[in-house]
Each structure stands twice: as C-alpha cells, then as structure tokens.
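What's counted below: heavy atoms across the whole structure, side chains too, no hydrogens, waters or symmetry copies. Order of the sequence lines sets the chain letters (A, B, ...), proteins ahead of strands, with each chain counted from 1.
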Amino acid sequence: MKILVPVKRVIDYNVKVRVKGDGSGVDLANVKMSMNPFDEIAVEQAIRMKEAGNADEIVVVSIGVKQSQETLRTALAMGADRAILIVAADDVHTDIEPLAVAKLLKAVIDEEQPGLVLCGKQAIDNDMNATGQMLSALLGWSQATFASKIDIDGDHALVKREVDGGMQSIRVKMPAVISVDLRLNEPRYASLPNIMKAKKKPLDEKTAADYGVDVSPRLEIVKTAEPAERKAGIIVESVDQLVEKLRNEAGVI
Amino acid sequence: MAVLLLAEVDNGALNMDATAKSVTAAAKLGDVTILCAGERCADAGKEAATIKGVAKVLVAEDPLYGHRLAEPTAALLAHLAADYDHIVAPATTDAKNILPRVAALLDVMVITDVSGVVDADTFERPIYAGNAIQTVKSKDAKKVVSIRTSTFEAAETGGDAPVETVATAAAPGLSEWVEDHVAESDRPDLTSAGVVVSGGRGVGSEDDFALIEKLADKLGAAVGASRAAVDSGFAPNDWQVGQTGKVVAPDLYVAIGISGAIQHLAGMKDSKVIVAINKDEEAPIFQVADYGLVMDLFEAVPEMTEKV
Ligand SMILES: Cc1cc2nc3c(=O)[nH]c(=O)nc-3n(C[C@H](O)[C@H](O)[C@H](O)COP(=O)(O)OP(=O)(O)OC[C@H]3O[C@@H](n4cnc5c(N)ncnc54)[C@H](O)[C@@H]3O)c2cc1C
Ligand SMILES: Cc1cc2nc3c(=O)[nH]c(=O)nc-3n(C[C@H](O)[C@H](O)[C@H](O)COP(=O)(O)OP(=O)(O)OC[C@H]3O[C@@H](n4cnc5c(N)ncnc54)[C@H](O)[C@@H]3O)c2cc1C
C-alpha cells in the first residue's frame with residue numbers, strides 16, 4: 001500500500017508570533033519555520049507502518065511557497081520515499097486555504113492512488129482543523145479525525161479518536177483519510193546520514209496550474225490584531241493571602 | 001438570513017450549554033433553526049425548543065446518526081443546506097469532525113472556531129494559538145461556521161419553538177462506530193464549569209494528581225491538565241486544556257505546576273481570574289496570572305484545600 005502524507009511548513013511552535021503594526025498579518029520575515037508538529041507525527045506513523053510491513057511507499061506532499069521543499073526534505077530524512085512540491089504562492093505571507101489545499105491533494109491522489117492519507121489534525125498557524133475532513137469529502141472516502149491509535153485490519157482501519165468526552169473507537173473502510181493527534185507517537189529525529197541521503201531522494205516540483213486548481217481565497221483577511229492584553233496581576237505571599245484575595249477582592253470563591 | 005444550527009447531542013441528551021451559547025452567536029446572523037440528529041433525540045429536540053431566539057427545531061432520528069459519525073451527519077447537513085445561508089455548530093470535537101466535510105460538499109470554505117460575529121459575512125477567529133485575532137470576510141454564498149462557545153453567553157430558556165421531524169439522507173456506509181471510552185464523573189463539565197483547577201507536569205505522578213482533584217472537589221470545580229500531564233499519564237486526554245485541547249473561560253482558573261507555554265495559554269487566557277501556583281518565580285504563567293503564589297505545590301495545595 002502507498003501512503004500519502006501532506007506536510008505543511010509553519011512558524012516553529014517555539015516562536016512567539018508578532019502581529020504586524022499595520023494589521024495586515026503576522027510577521028513571518030526571518031522567523032524560524034518548521035514542519036507542522038502534527039505532520040511530523042503523521043510522517044512518523046507512515047514510517048512505522050512501512051517498517052511493520054503494512055506499507056511499501058510513502059509520498060509526502062507540500063503546498064505553498066518554494067521554501068516548503070525544506071519541509072519535504074525533513075520528511076524525506078525521517079524516512080519518506082518521495083516528495084511532491086506544489087508551488088502555489090511566491091510570498092511567504094500568502095497561505096493556501098484548506099479547501100484549495102484539499103482540491104490540489106485530491107488531484108495528486110487521483111494520479112497517485114494511495115491506499116491511505118495520513119495528515120495532521122490541525123496546522124498550528126491557522127488552527128483551522130479542516131483540510132483532512134475536506135479532502136475526505138471531495139474524495140468520497142471515509143474519515144477518522146484526531147487519531148491516537150491506528151490498526152490496519154485488511155481493508156479496514158480501526159482508529160481510536162480523542163474526543164471531548166474521552167475516546168471513541170471507529171472502524172473505517174479503506175481507502176481513508178486519517179488525521180493524527182498528539183499522542184499517536186513520538187516522531188523520530190532525522191540522523192545526519194539520513195539527512196544526506198534525503199538530498200538524493202526524488203522531489204517533483206509542480207504548480208497549482210498544473211492541476212488546474214484555482215487557489216484564490218474564499219476568505220478575505222480584513223485585519224489581524226493582537227489579542228486583548230490582560231492587566232498585570234500581583235504576587236501573593238501566602239496561601240492565606242491568596243484565599244483572602246479570591247474571597248474578598250475577586251469574589252470568585 | 002436563515003441559519004441552520006447543528007445542536008450538540010450526545011447519546012440522546014442535549015448539551016444545553018454549548019448549544020445555547022451557539023444560539024447567541026447564530027442569532028446575530030438571522031433566524032435560527034436547530035437541527036437535532038441522533039438515534040433517539042426527540043427529547044433533545046423538545047429541550048432545544050425552549051432556547052429563546054430559536055425559530056424552529058428539526059429532529060432527525062435514525063440509528064445512522066447515533067454516534068455522530070462524520071459521513072452520515074455531513075451528508076444530512078449538506079442535504080438540508082439549500083434552505084439556509086449559514087450552517088453553524090459549536091466547535092466541539094464532533095462539529096470539528098463534521099463541519100469541514102459539510103463545507104467541502106458545498107464547495108465553500110469552512111470558518112472554524114469563531115470568537116466574534118461582525119456581520120453576516122464577517123467573523124473574528126483566533127490564530128497562532130490565540131496570539132493573533134484575525135477578522136475574515138467570506139465571499140462564499142453559504143457560510144459554514146463553528147463557534148468558540150467560551151466567548152459567548154448562553155441564550156436564555158423559556159421559549160417554545162415548533163418541533164418538526166425531517167427525512168434522513170442516504171447512508172454513505174463508510175465507517176462504523178465500535179465503542180466509546182468515556183469516564184463517568186460527577187464533576188462539572190470542563191468547558192462550562194465556573195471554576196477549573198488544572199495540574200501540570202509539576203504534579204509529578206498520577207497518584208499525586210489526587211491533590212489537584214481534592215482542591216477541585218472542595219471548590220466544586222472541573223479538573224484540567226496540561227499536555228505534559230496528559231502525555232505523562234497523570235490525567236486523561238479529555239482534561240487537556242490548550243491549543244489542541246479544550247478552550248475554557250471560567251470565572252476562576254487555577255494553574256498548578258504548569259509553566260504557561262503559549263499552547264496552554266491558548267486554552268485558558270480568557271478566564272476571568274487566573275491563579276498560578278508554581279515554585280519557579282520565572283515561570284511564564286505568572287505573566288497572565290491575576291494572583292501568583294511562588295511556592296511548592298505539595299505544600300500550597302493541601303493548605304489551600306483546607307482553607308477554601
Ligand atoms: C501567513 C499566513 C497568511 C495567510 N494569508 C492568507 C490570505 O492572504 N488570504 C487568505 O484567504 N487566507 C490566508 N491565510 C489563511 C490560510 O489560507 C488558511 O486559512 C490556513 O492556512 C489553512 O488552515 P490550516 O493551515 O490551519 O489547515 P488545517 O486544516 O488545520 O491543516 C490540517 C492538515 O492539513 C495538511 N495541510 C494543510 N495545509 C497544507 C499545505 N499547504 N500543504 C500540505 N499539507 C497541508 C497538513 O497535514 C495539516 O496538518 C493565511 C495564513 C497564514 C498562516
Ligand atoms: C503542536 C503542539 C500543541 C500543543 N498543545 C498543547 C495543549 O493543548 N495544551 C498544553 O497544555 N500544552 C500543549 N502543548 C505543549 C506545551 O508546549 C508545553 O510543553 C506544555 O504545556 C507544558 O506542560 P507543563 O506546563 O505541565 O510542563 P512544564 O513546562 O514542564 O512545566 C512544569 C512546571 O511545574 C513547576 N513545578 C515543578 N515542580 C513543582 C512543585 N513541586 N511545585 C510547584 N511547581 C512545580 C515547574 O516550575 C514548571 O514551571 C503543545 C505543544 C505542541 C508542540
């Protein structure tokens with residue numbers, strides 16, 4: 001079985017983001033970018049499935065600016081076999097909406113015919129939590145979101161999902177789109193020899209136009225603002241003082 | 001404008017808090033019709049009809065909708081969508097699973113986790129773990145929107161909207177429910193509790209997490225946790241607060257042995273009063289706390305439990 005893993009280049013999760021003064025967005029010039037943490041988990045899962053003999057090829061796909069090839073190289077260094085970059089923007093500040101990403105991924109999937117798509121549950125920049133579900137709808141495939149355990153059982157997958165009430169187990173027909181949650185696995189680091197080897201793995205470069213997909217946004221960004229600041233608090237000296245303040249000043253207990 | 005709002009129904013029971021808060025947001029868009037879908041949900045439908053500001057309630061009862069699998073529920077919503085300008089739901093894990101699928105079926109963009117409604121086309125939503133608030137204007141003819149319930153007050157009850165049944169859509173037959181693993185608890189629900197007491201990695205073990213739970217019980221609070229506490233097995237996954245867990249905004253949030261990573265702050269920084277107990281005075285959590293106590297939690301928490 002072939003597994004397809006979409007990976008997104010996002011601001012590193014350790015970076016404190018800064019909203020631009022003119023309200024046009026978040027400053028991304030000269031900040032550290034990395035693979036979306038959830039996508040590392042998806043790549044790791046695909047590699048483990050291949051190591052267990054449940055998959056024979058892992059194709060990673062990224063959609064965005066040309067620099068996304070760094071993200072793809074990281075995935076190749078982890079253990080993916082082949083990469084496809086779809087250049088759909090020239091400016092690092094332009095990002096492609098989940099609906100357009102899903103349409104491009106569908107076009108890739110129509111060509112590649114994978115048996116499974118593993119994606120992240122959400123990208124930590126826009127926190128949309130949408131692409132996998134949209135892709136699954138466009139393909140008419142089954143979907144299993146927020147996976148914390150995946151077992152392949154013939155032409156079905158048994159997936160344990162993290163939901164508001166606890167956990168839910170479902171059985172989905174393959175091919176399926178599965179979006180992964182944080183506790184599915186701990187992704188490996190790429191070793192130096194593997195980073196070198198990854199440079200020679202195939203990376204195909206395409207454009208959105210090659211697939212005939214219109215990526216113009218449906219949502220116009222009116223403005224981007226800093227969230228309201230909290231007013232500074234105080235340090236109390238003792239539990240007694242804390243309880244007194246909560247009772248008499250804040251009135252919350 | 002006509003709005004179709006998917007109520008949060010779990011095992012036949014209406015989640016009144018999440019649904020009533022979404023009604024407040026949806027009422028700014030137009031006339032609200034609530035859809036209750038489930039294996040049995042006539043009672044949930046009757047209860048939803050009491051929410052003020054609701055024009056009508058639709059009930060779709062079928063085993064197909066029993067466990068809120070995405071494929072059949074999305075097909076039902078897409079099938080009903082023709083009569084509405086907006087499809088709305090509270091941003092629970094169920095709706096996060098279902099709504100993007102509905103949007104793709106309708107060829108429109110989904111607008112998730114909306115924290116403010118500006119007008120019928122324009123919405124505010126937090127991005128980058130709440131470090132920025134983006135205002136977006138949709139160009140789509142239909143809008144599919146999930147609501148961050150922690151930022152809206154619940155609509156009042158006392159209304160009496162008519163209830164109708166609707167025909168169900170065809171079964172896609174793609175996935176089946178196997179089982180739920182749900183812990184029963186007498187504590188208030190994390191996302192609607194007035195007080196939340198959360199523990200982090202500093203608590204050190206599953207056994208010691210009982211300290212957090214005791215303080216919570218004394219305060220009539222829900223229990224939360226950081227990702228590190230959940231990953232370490234001190235607390236179950238459904239207690240996680242943060243960017244990838246639950247978003248809460250109680251009157252009082254007590255963070256114990258939690259450093260205050262941006263991903264955790266994303267889930268709690270809209271709380272009215274924040275208390276932090278941490279032995280490291282440099283911990284970033286103190287920057288958002290109204291009251292900080294620099295102290296070892298193993299001393300502070302039992303003492304506080306005794307004194308509140
Ligand atoms: C800097 C910046 C500028 C923006 N500018 C605009 C703008 O000008 N106009 C506008 O309309 N919108 C803009 N947006 C918003 C953007 O179009 C989308 O709303 C948002 O990026 C998509 O949500 P998400 O990435 O959180 O996807 P999610 O649905 O949360 O992603 C889930 C998973 O889908 C996969 N995935 C998602 N995207 C990709 C990708 N590109 N390549 C490969 N896999 C992917 C990954 O596996 C990921 O884990 C901007 C966003 C950013 C960050
Ligand atoms: C993609 C992504 C998503 C994430 N999503 C979330 C999320 O939703 N929610 C979330 O919480 N995190 C999330 N995280 C993780 C987050 O970055 C932090 O790692 C996590 O919040 C840290 O948890 P913590 O504060 O409990 O642990 P630590 O950062 O280890 O802090 C422990 C604190 O306990 C204090 N302490 C230790 N012993 C004592 C004692 N005896 N008495 C008093 N204080 C003590 C220490 O001083 C320290 O400040 C996410 C990370 C990523 C990459």
Taking every non-hydrogen pair under 4.5 Å, which of A:Q241, A:K173, A:R18 racks up the most with chain B? A:K173
Taking every non-hydrogen pair under 4.5 Å, which of A:V19, A:L182, A:V243, A:T145 racks up the most with chain B? A:L182
Do A:K160 and B:H181 have side chains that approach each other closer than 4.5 Å (heavy atoms only, starting at C-beta)? yes
A:I234 versus chain B, the contacting section by heavy-atom distance below 4.5 Å: both
Would you mind telling me which of A:K103, A:E226, A:E162, A:K16 has the largest number of heavy-atom pairs within less than 4.5 Å of chain B? A:E162
Minimal non-hydrogen separation, A:W141 against B:E71, with atom names: O-CG, 4.4 Å
If you take all heavy atoms of A:T224 and B:A132, which pair is closest and at what distance? CG2-CB, 3.8 Å
Between A:K231, A:H156, A:E249, which shows the greatest number of heavy-atom pairs under 4.5 Å with chain B? A:E249
With a 4.5 angstrom heavy-atom cut-off, is it the side chain or the backbone of A:V163 that approaches chain B, or both, or neither? both
Decide yes or no for B:M295 and A:V239: does some side-chain heavy atom of the first lie under 4.5 Å from some side-chain heavy atom of the second? yes
Can you tell which part of A:R161 gets under 4.5 Å to a heavy atom of chain B, answering side chain, backbone, both or neither? side chain
Between B:D251 and A:V252, the two heavy atoms sitting closest are O-CG1, 3.8 Å
Options A:A137, A:S179, A:S169, A:G23, ranked by heavy-atom pairs under 4.5 Å with chain B, top entry: A:S169
Separation between CE of B:M304 and CD1 of A:I253, rounded to the nearest 0.5 Å: 6.0 Å
Among B:E299, B:Q263, B:K272, B:E303, which residue forms the greatest number of heavy-atom pairs with chain A at distances under 4.5 Å? B:E303
What part of A:E237 gets closer than 4.5 Å to chain B, counting heavy atoms only: side chain, backbone, both or neither? backbone
4.5 Å side-chain heavy-atom contact, B:D290 and A:R230: yes
With side chains defined as the heavy atoms from C-beta onward, is the minimum distance between B:K307 and A:R247 less than 4.5 Å? no
Might you point out which heavy atoms bring B:V182 and A:G165 nearest each other, and give the distance in Å? CG1-O, 3.6 Å
Rounded to the nearest 0.5 Å, the OG1 atom of B:T122 sits from the NZ atom of A:K223 at a distance of 10.5 Å
Which bit of B:I133 comes within less than 4.5 Å of chain A, counting heavy atoms only: side chain, backbone, both or neither? both
Looking at every heavy atom in both B:Q243 and A:Q122, which two are closest together, and how far apart are they? O-NE2, 3.5 Å
Given a strict heavy-atom distance threshold of 4.5 Å, which part of B:A300 is in contact with chain A: side chain, backbone, both, or neither? both
What option among B:D180, B:N237, B:D121 has the most heavy-atom pairs under 4.5 Å with chain A? B:N237
Per-residue contact mode, A:V15 against chain B (heavy atom under 4.5 angstrom): backbone
Out of B:V136, B:D107, B:I111, B:V110, which residue meets the side-chain contact (heavy atoms from CB on, under 4.5 Å) rule with A:R218? B:D107
Working to the nearest 0.5 Å, report the span between CE of A:M134 and CG of B:L105. 9.0 Å
Is A:V236 in contact with chain B via its backbone, its side chain, both, or neither, using a 4.5 Å heavy-atom distance? both
When only pairs under 4.5 Å are counted, which of B:Q240, B:E281, B:E124 shares the most heavy-atom pairs with chain A? B:Q240
Identify which part of A:A250 has an atom lying under 4.5 Å from any heavy atom of chain B, answering side chain, backbone, both or neither. both
Reported CZ-to-CD1 distance for the pair B:R68 and A:I170, which is rounded to 0.5 angstrom: 14.0 Å
Please tell me if the side chains of A:N126 and B:I127 come closer than 4.5 Å, counting only heavy atoms from C-beta onward. yes
Between A:Q133 and B:K96, is there a donor-acceptor pair closer than 3.5 Å when you use the side chain of the first and the backbone of the second? yes
Select, from B:F286, B:F123, B:W239, B:W177, the one with the greatest count of heavy-atom pairs under 4.5 Å involving chain A. B:W177
With rounding to the nearest 0.5 Å, note down the distance linking CG in A:D125 to CG in B:N131. 12.5 Å
Non-hydrogen side-chain atoms of B:D113 and A:D127 separated by less than 4.5 Å: no
Taking side chain as C-beta onward, heavy atoms only, is A:L99 less than 4.5 Å from B:V108? no
If you count heavy-atom pairs within less than 4.5 Å of chain A, which of B:K139, B:E176, B:H67 leads? B:E176
Sort B:L69 into side chain, backbone, both or neither according to what part of it lies under 4.5 angstrom from a heavy atom of chain A. side chain
Looking only at heavy atoms, what is the nearest atom pair of B:T92 and A:D164, with distance? CB-OD2, 3.2 Å
With a 4.5 angstrom heavy-atom cut-off, which part of A:I11 approaches chain B: side chain, backbone, both or neither? side chain
What option among B:V275, B:L219, B:V294, B:V301 has the most heavy-atom pairs under 4.5 Å with chain A? B:V275
Under a 3.5 Å distance rule, please check whether A:Q143 uses its side chain to pair with a backbone N or O of B:R101 as donor and acceptor. no
Heavy-atom check, side chain of B:V230 versus side chain of A:R183, under 4.5 Å: yes
Which atoms of A:S148 approach chain B - backbone, side chain, both or neither, heavy atom under 4.5 Å: neither
